[in-house]
Protein chains: 2
Amino acid sequence: MQNEQGTPFSSSREPKRRPSYAVASADNALRIATWLQLEGSLTVSEAAARLGVAPSTAHRLLQMLVYRDFAVRDAGRGYRAGPVLELAGNSPSLTARLRAASLGPLRGLVAVSGDSANLVIRTGDRVRFIASVESDVALRVSTREGMVFPVERTSGGTVMLAGLPDEEVAEILQGRPEADVATVLSRLRMVRRAGVAVNLERAEEGVVAVGRAVALAGEPVAAVCLAIPSSRYRAQRLLEYDAWLRAAAEAMEAALETDG
Amino acid sequence: MQNEQGTPFSSSREPKRRPSYAVASADNALRIATWLQLEGSLTVSEAAARLGVAPSTAHRLLQMLVYRDFAVRDAGRGYRAGPVLELAGNSPSLTARLRAASLGPLRGLVAVSGDSANLVIRTGDRVRFIASVESDVALRVSTREGMVFPVERTSGGTVMLAGLPDEEVAEILQGRPEADVATVLSRLRMVRRAGVAVNLERAEEGVVAVGRAVALAGEPVAAVCLAIPSSRYRAQRLLEYDAWLRAAAEAMEAALETDG
DNA sequence: CTGCTCATTCTGCACAGCAGAAAATCCTAT
DNA sequence: ATAGGATTTTCTGCTGTGCAGAATGAGCAG
C-alpha cells in the first residue's frame, strides 16, 4: 500500500490508523476527491498513477465523483473539484488558491530557515494542514500535509483564533471540552500583542511550531508556520523567525490579491 | 436501487445518468458525505437505513470517511461533516446552517403559494439546490435537492449574480462558454431593479422559477425560489410571488443572525 | 444493576470491482 | 487536413473485496 496517513487527532475515539476493515474502493474515491480539492485539476491517467490502479478503474471512480458532484469535468481532459468540495462564493476553491499561493513562499521559508514549513486553515474547532514543505536536513519535522489537529493545540490555530473576538473563540471551543477556555483566551492576548504564536510541543512531542496569520481582505484565512525540532529551537531567535514568517505571509497575501 | 439522481447538467460531456459502471461502495461513501454536509449529524443506524445496507457496512464506510477527514465523530453516537467538507471559517458548515435556517420558511412558502420551493447556493459557475420542499398538489415541480445547474440558467443563480459587480460576473461566466455574457449582464440590470429574477423555462422545460437572494451580513449567500409549472404561472402575480419570497428570505436571514 | 439498543468486530461467501483488451477520442506535429 | 501517438472510455472474465449476519462490546435509561 502506498504511503498514506490518517489524522493524528488525539481523541480516544477517533481513528488515526487506517481502519481495520478498510473499504479500498471508497478510500480511493475519497483520496481523489481530496487531491482535487487541494491541487485543482487531475486527469484520468494522473489519478490512476497516484492511486496505483488501472486507468479504467480511475475512470470509473472519477465518474462516481462527477455523478455525486464531488468533481466536474474540465474543458480539457482534466477533472476538478465539484460543488460539494467548494462552498458558496468560491471558484476555484479558496483552499486550492491558498495552497497554490503558498507553495513558493513556503519553499523560500524552508530555504532561509532550514526547517519544515506548513500552511494551515481552520475548519471549526480544528486546523488542517493544506500545504507542507519539508526541510532536507537530516533532523527535520516530516510532512504534515493532510493532517488535522485541534485548533488551540497548534501555533497556526492559535494565531487565527487571535484574530477573532473572545466571544467567537469561546463559541468555537465549545467543540473542544478538553480545552480550558480561560487559559486559551489568556494566551490569545499575548499572541495578539506579538502577532505570532509559539507552540512548545503542544501538538506533538519534540516539535516546536511558530505561526503567523495570512490575511485576505483583512481577515485571517490561513496561517503559515515553521516546524522546528525542539532540540534546535532557540527562543532568542524569535524575532528572526517572525521576520521570515512575516515575509512569507506577505508574499502569499500578494499572490492571493493578484490572483483575483 | 433506491431513488437517486445525478445532476441534470446539460453539458454534452457531463453524465446526468448513473454511470454505466458504477462503483457502488464508493457511491455509498459519497452519498453519506453529501448527507453529512447538508444535514449535519448522522448515526451508523441512520446511514445504514438510508443507504439500504447493514449497519456493519455503514460503519465501515463511516470509518473510511473519518479516516480521510470527510467526517468526524460527534460527542455522542453521531458523525458529522469533517474538515474536507467544510472550508475555513465555517463551523458548522455554512451550507448546513443555511439549510437548517431555510426548511421552516420554505414550508411556509409552499403553504402560502401552493408550489414547490427551493434554496440554492452558488459554487463557481453553478448553483446547487441544498434544500427543497415539494408542493403536495397533483401538478407540481418535483424535488430538486442535490441537483446542480449552470448559474445563469436559474432564477436563483441570476439573482445572486445580480448582487455582484459586472466584472466579477464576467469572470465567473468564463467557465460557461455557452453563456452570452452581454445578454446575461443586460438581464442582471433588470433583476437589480426588480430585486427578483424570473426564469421562463430556461433551466427545465415546463418549469418557471422565481427567485430572490438571501443575504448574510449584506452579502448574497443563497437564493430562495418558487418552482411553478408553466401552465400555472401568472405574470400578473409577480408582486405577490415577490412578497412571499421576500418574507421567506427575511425569515431565513433572521434565523441565520440568531444562530450566530 | 439490568436490560435494551446501537455500535463495533469478525468471518464466510458471492458478486462487485478489478485489470486488461479493445475501441473511441483527442491532441499534436507535419 | 491528416496521421500517429497518447489518453480516455467501454466492455468482459475472473478473483479477491465488500457484503450481511453473527457475535461481542458499549452506552444509556429505568
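Residue numbers start from 1 in every chain, and the chains themselves are labelled A, B, ... in the order their sequence lines are given, proteins ahead of strands.
If you measure from atom CD1 of Ile32(A) to atom P of dT8(D), you get 12 Å, rounded to the nearest angstrom. Following rounding to the nearest Å, Arg77(B) (CZ) and dA26(D) (P) show an atom-to-atom distance of 13 Å. The distance between atom CZ of Arg18(B) and atom C1' of dA16(C), rounded to the nearest whole Å, is 12 Å. In this structure, the CE atom of Met64(A) is 16 Å from the C1' atom of dC18(C), given to the nearest Å. For Gln63(A) and dC11(D), the CD to P distance is 13 Å, given to the nearest whole Å.
Look at His59(A) and you'll find a side-chain N or O under 4.0 angstrom from OP1 or OP2 of dT9(D). Look at Arg73(A) and you'll find a side-chain N or O under 4.0 angstrom from OP1 or OP2 of dT9(D). For dC11(D), the OP1/OP2 oxygens have a side-chain nitrogen or oxygen of Tyr21(B) closer than 4.0 Å. Taking only side-chain nitrogens and oxygens, Tyr79(A) comes nearer than 4.0 Å to OP1 or OP2 of dT9(D).
Judged as a side chain to side chain contact (heavy atoms under 4.5 Å, CB included), and not counting sequence neighbours, the contacts of Ala26(B) are Ala29(A), Leu61(A), Val23(B).
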Polar atom pairs (N or O), protein with nucleotides 16-20 of chain D, under 3.5 Å:
from: dG18(D); atom 1: OP1; to: Ala24(A); atom 2: N; distance (Å): 3.2
from: dG18(D); atom 1: OP1; to: Ser25(A); atom 2: N; distance (Å): 2.8
from: dG18(D); atom 1: OP1; to: Ser25(A); atom 2: OG; distance (Å): 3.1
from: dG18(D); atom 1: OP2; to: Ala24(A); atom 2: N; distance (Å): 3.1
from: dA20(D); atom 1: OP1; to: Ala54(B); atom 2: N; distance (Å): 3.4
from: dA20(D); atom 1: OP2; to: Ala54(B); atom 2: N; distance (Å): 3.0
from: dA20(D); atom 1: OP2; to: Thr57(B); atom 2: OG1; distance (Å): 2.2
from: dA20(D); atom 1: N7; to: Ser56(B); atom 2: OG; distance (Å): 3.1

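In this structure, the side chains of Arg80(A) and Val72(A) come closer than 4.5 Å at one or more pairs of heavy atoms. Looking only at side-chain heavy atoms (C-beta outward), Val53(B) and Asn28(B) come within less than 4.5 Å of each other. Taking the side chain as every heavy atom from C-beta outward, Asn118(A) and Leu106(A) never approach each other to under 4.5 Å. Residues Leu51(B) and Arg31(B) are in side-chain contact: their nearest non-hydrogen atoms beyond the backbone lie under 4.5 Å apart.
For Ser116(B) (side chain) and Val141(B) (main-chain N/O), a donor-acceptor pair under 3.5 Å exists by modelled atom type.
Using a 4.0 Å heavy-atom criterion, one finds that Thr43(A) contacts the sugar-phosphate atoms exclusively.
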Item to complete: Could you give me the CA-CA distance, side-chain angles and deciding distance for Leu65(B) and Val84(B), then say whether side-chain contact (heavy atoms from CB on, under 4.5 Å) is met?
Response: CA-CA 10 Å; Leu65(B) 291 168; Val84(B) 171; over 6 Å; no
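Nearest heavy-atom pair, Ala47(A) versus Ile32(A), reported as atom, atom and distance to 0.1 Å: CB-CD1, 4.3 Å.
Closest approach to the Ser45(B) side chain among dT10(D), dT9(C), dC6(C) is made by dC6(C) (side chain taken as heavy atoms from C-beta onward).
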Worksheet item: Where each pair must be Watson-Crick or G-U wobble with both distances under 3.5 Å, what dot-bracket representation of DNA chain D is obtained, with crossing pairs in [ ] and other-strand partners as |?
Response: ||||||||||||||||||||||||||||||
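Under 3.5 Å, the side chains of Tyr79(B) and Gln63(B) contain a donor-acceptor pair of N or O atoms.
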